[in-house]
Amino acid sequence: MAEPAGGKVVRWQRWAFSNLGSAFTNFGSLWLILAPLVSLIATYAPRRLFRTYFNLFLRRRARRLLNVVDPYATVDISEPGTDVRYSRYGPVSDADTTYEEAKAYLSEKACDQEEARALRAEGARDGDGLVVSIRDGQDVADEFRGVSLWWTSVVGMDVQGQRQGRRRFLRLTFHLRHRRLVVDEYLPHVRRCGREILFSNRRRRLYTNSKSRDVYTYEYKSWSYIDFDHPTTFDTLAMDREKKKEIMDDLDAFRKNKDFYRRTGKPWKRGYLLYGPPGTGKSTMVAAMANYLDYDIYDVELTVVSTNTDLRKLLIETTSKSIIVIEDIDCSLDLTGDRARQRRRPGQASSSSKADDDKYYADERPRNTVTLSGLLNFIDGLWSACGGERIVVFTTNHVDKLDPALIRRGRMDMHIEMSYCGFEAFQTLAKNYLDIDEHELFGVVEEILKEVKLAPADVAECLMTAKRAGSGEPTPCLEILIDELKKRAEEKEKAEAEAKAKAKAWAEAEAKAAAEANAAEMARGNPR
Ligand SMILES: Nc1ncnc2c1ncn2[C@@H]1O[C@H](COP(=O)(O)OP(=O)(O)OP(=O)(O)O)[C@@H](O)[C@H]1O
Ligand SMILES: [Mg+2]
């Protein structure tokens with residue numbers, strides 16, 4: 001009788017099971033013999049030998065097998081521990097900032113991706129903003145140079161030294177073959193972008209050096225600060241358009257040329273000297289620069305700095321991406337010929353008189369001991385190159401009074417004259433205050449400004465008065481402004497004439513006194 005087709009299969013199955021059964025039975029008996037042997041080796045064989053064998057042989061094979069099944073690798077970036085102190089950019093100075101940077105990077109990615117639905121939001125450490133991050137288990141995909149990568153947030157056990165604890169990790173998953181790309185290029189890219197995001201999200205600060213103590217540590221702080229929220233921009237800064245553009249281009253070139261500075265061996269910093277009469281916008285320019293570059297400002301009050309060492313300490317404690325400004329540098333220190341006097345010791349120079357020497361000793365006991373060379377080191381010394389991306393600005397009303405060494409090109413790279421209000425500067429002010437670009441009365445204002453030297457601060461004040469009196473309407477406002485400018489011009493002319501007359505009278509009186517003293521000496525028989 002013919003056997004049914006299904007019968008063959010069943011028989012084959014039975015045969016297979018009986019053989020498999022015997023195979024398992026055989027393996028079982030083999031294992032019975034081998035198991036005590038393996039455990040004996042594991043117990044008594046030298047541990048190092050066993051481990052080496054395992055690492056070299058078994059693990060490699062296991063890993064190869066695993067790579068076929070799961071070709072993905074992961075990198076974990078762990079959240080900083082509770083013992084880490086934070087600054088507004090994340091963990092302070094020497095602590096690892098990678099987690100904060102990666103989190104900031106993913107915050108942007110998560111906000112842009114529709115698939116990322118489970119997000120967390122927490123208040124930014126600095127300012128009113130929020131930092132959005134991915135919730136545990138939520139994936140965020142990313143692409144870098146055509147390679148796909150995935151981020152997720154996980155909580156797991158972390159062991160550090162003796163301590164164990166649960167920590168949050170940002171886990172990056174990628175294909176094994178992109179390992180080099182990820183480590184060499186992608187992760188540094190993540191850090192760089194994250195740092196930039198943290199930087200742009202921060203509130204900017206205006207620092208000043210003070211002698212105050214920290215409220216928590218009770219230590220002397222070098223700098224104290226307030227939030228910097230100055231409204232001035234280059235758009236509202238009244239000055240010659242071409243000059244303004246030149247300055248903005250220079251700032252752009254500075255900001256973008258990190259590699260150029262490195263290649264040429266120059267520290268990444270730039271000095272600007274702003275000089276001009278009062279009210280021409282020197283301080284306003286510093287604010288515009290800071291807003292343009294998105295930098296913090298360190299306003300150095302030199303008169304409260306006691307020594308060169310203190311000055312250096314201040315410098316060290318500034319951060320990069322900042323403007324260090326010393327206002328009215330001519331008033332802050334006696335820098336006029338200071339160096340010449342320091343070089344010329346009493347009695348050395350043939351021309352030095354006793355009176356000069358007395359003056360020297362008197363000046364040798366200054367209230368503070370910050371010297372010109374200390375200041376030069378501050379701007380140009382080795383320490384000044386640390387940190388990079390810094391701008392130094394000096395402002396002065398009397399550029400001719402400064403030691404040439406202080407403002408030579410290379411130290412103060414760009415000398416910017418802030419001058420009296422010209423027509424182009426007026427146009428900017430008119431736009432700021434009256435919101436007009438053109439008007440038929442502009443011609444009259446232009447003629448007045450050609451005739452008389454008025455600082456932008458004066459013109460701005462006239463505009464404020466005119467705006468109030470003219471209820472903001474352009475024509476009456478400009479008419480009032482013209483009257484006001486004429487009045488100011490007359491006042492200024494009168495004041496200048498008076499000052500000139502006073503100076504002349506003073507010079508005459510001095511000359512007369514000298515002539516009289518000379519005559520008296522002659523009468524005594526001591527001709528000079
Ligand atoms: N160029 C300008 N553009 C716009 N506003 C200006 C300009 N110059 C002066 N002002 C206005 O005048 C005020 C005083 O200007 P600022 O303090 O910048 O002058 P300064 O040159 O620093 O004077 P000082 O030499 O006395 O320190 C500013 O608050 C601003 O409103
Ligand atoms: Mg000023």
Side-chain angles (χ1 to χ4, degrees), residues 206-209 226 228-248 250-251 271-293 295 297-303 323-333 335-336 391-402 407 412 414-437 442 445-446 448-449 452-468 477 481 484-485 488 492 495 499:
L206 169 60
Y207 291 86
T208 187
N209 52 315
I226 54 166
F228 178 67
D229 191 19
H230 201 291
T232 298
T233 63
F234 274 111
D235 286 339
T236 61
L237 183 72
M239 73 185 294
D240 196 55
R241 267 189 281 277
E242 218 169 274
K243 212 151 113 188
K244 200 193 294 192
K245 187 170 179 312
E246 197 187 327
I247 298 164
M248 289 165 80
D250 196 80
L251 292 172
Y272 295 88
L273 173 72
L274 308 180
Y275 66 95
T280 48
K282 296 177 292 298
S283 307
T284 313
M285 165 73 87
V286 176
M289 281 176 160
N291 282 337
Y292 185 65
L293 295 170
Y295 283 6
I297 296 181
Y298 288 87
D299 187 3
V300 183
E301 182 52 66
L302 265 191
T303 49
I323 298 180
I324 301 171
V325 52
I326 304 183
E327 291 251 43
D328 301 317
I329 182 93
D330 53 306
C331 310
S332 304
L333 270 185
L335 300 172
T336 52
I391 281 178
V392 179
V393 179
F394 289 167
T395 73
T396 180
N397 295 138
H398 305 283
V399 68
D400 47 313
K401 280 191 184 177
L402 299 178
I407 56 170
M412 286 292 113
M414 201 173 183
H415 293 194
I416 302 165
E417 182 180 4
M418 302 298 289
S419 50
Y420 291 110
C421 190
F423 182 60
E424 284 190 1
F426 166 74
Q427 280 179 309
T428 309
L429 290 176
K431 176 79 187 156
N432 293 349
Y433 288 84
L434 303 177
D435 198 18
I436 48 173
D437 296 305
F442 272 16
V445 178
E446 187 174 0
I448 297 174
L449 292 177
V452 61
K453 288 175 173 173
L454 284 174
D458 288 327
V459 179
E461 205 198 314
C462 291
L463 272 164
M464 283 288 280
T465 317
K467 187 172 180 175
R468 238 179 284 126
C477 283
L481 173 78
E484 192 69 26
L485 287 179
R488 293 266 167 131
K492 203 168 176 194

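Quick note: numbers below take in every heavy atom, side chains included, and nothing from hydrogens, waters or symmetry partners. One-based numbering, in listed order, for ligands and for the atoms of each.
Not one N or O on the side chain of K492 forms a donor-acceptor pair closer than 3.5 Å with the backbone of V452. Checking side-chain atoms of E446 against main-chain N and O of F423 turns up no donor-acceptor pair under 3.5 Å. A donor-acceptor contact shorter than 3.5 Å is absent between the side chain of K431 and the backbone of T236. Using modelled atom types, no side-chain atom of H230 and backbone atom of V286 make a donor-acceptor pair closer than 3.5 Å. The main-chain N or O of T233 is never found under 3.5 Å from a side-chain atom of N291 such that the two would form a donor-acceptor pair.
Residues T396 and D330 bring a donor and an acceptor atom of their side chains to less than 3.5 Å of each other.
Between F426 and F442, the two ring planes are perpendicular [angle over 60°; tilted spans 30° to 60°].
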Could you walk me through whether E301 and T208 pass the side chain to side chain donor-acceptor pair (under 3.5 Å) test, one step at a time?
CA-CA 7 Å; E301 182 52 66; T208 187; over 6 Å; no

Test log, rule side chain to side chain contact (heavy atoms under 4.5 Å, CB included), inputs H398 and Y275:
CA-CA 7 Å; H398 305 283; Y275 66 95; over 6 Å; no

Would you sort out whether K244 and E424 count as a salt bridge (Lys or Arg N to Asp or Glu O under 4.0 Å), showing the intermediate values?
CA-CA 11 Å; K244 200 193 294 192; E424 284 190 1; over 6 Å; no

Trace of the side chain to side chain contact (heavy atoms under 4.5 Å, CB included) decision for I247 with M239:
CA-CA 11 Å; I247 298 164; M239 73 185 294; 3.9 Å; yes

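The shortest separation from a heavy atom of A460 to ligand 1 is not under 4.0 Å, leaving the residue out of contact.
Residue T284 approaches ligand 1 through these ligand atoms, each under 4.0 Å from one of its heavy atoms: 15 (O), 16 (P), 18 (O), 28 (C), 30 (C). Each of the atoms 23 (O), 24 (P), 25 (O), 26 (O) of ligand 1 lies under 4.0 Å from some heavy atom of P278. Near K282, the atoms of ligand 1 lying under 4.0 angstrom from a non-hydrogen atom of the residue are 18 (O), 19 (O), 20 (P), 21 (O), 22 (O), 23 (O), 24 (P), 25 (O). Short contacts between ligand 1 and T236, defined as distances under 4.0 Å to a heavy atom of the residue, involve ligand atoms 4 (C). Each of the following atoms of ligand 1 lies closer than 4.0 Å to a heavy atom of N397: 25 (O). For ligand 1, the atoms closer than 4.0 angstrom to any heavy atom of S283 are 17 (O), 18 (O), 22 (O).
For atom 23 (O) of ligand 1, the closest non-hydrogen atom on the protein side is G279 N, 2.9 Å. For atom 7 (C) of ligand 1, the closest non-hydrogen atom on the protein side is P456 CB, 3.6 Å. Nearest protein heavy-atom neighbour of atom 5 (N) of ligand 1: L429 CD2, 4.2 Å. In this structure, atom 11 (C) of ligand 1 lies nearest to the protein heavy atom A457 CA, 4.0 Å. Of all protein heavy atoms, the one closest to atom 31 (O) of ligand 1 is Y433 OH, 4.3 Å.
Scanning both residues, C477 and A466, for their nearest heavy atoms gives O-CB, 3.3 Å.
Within 6.0 Å of atom NZ in K453, 12 or fewer heavy atoms from other residues, nucleotides or ligands are found, so the atom counts as exposed in its surroundings.
Counting only protein N, O or S atoms, the number found under 2.8 Å from the Mg ion (ligand 2) is 1.
Residue D328 has no N or O atom closer than 3.5 Å to an N or O atom of ligand 1.
Summarising the contacts of atom 4 (C) of ligand 1 with A288, A238, G281, the nearest heavy atom is found in A238.
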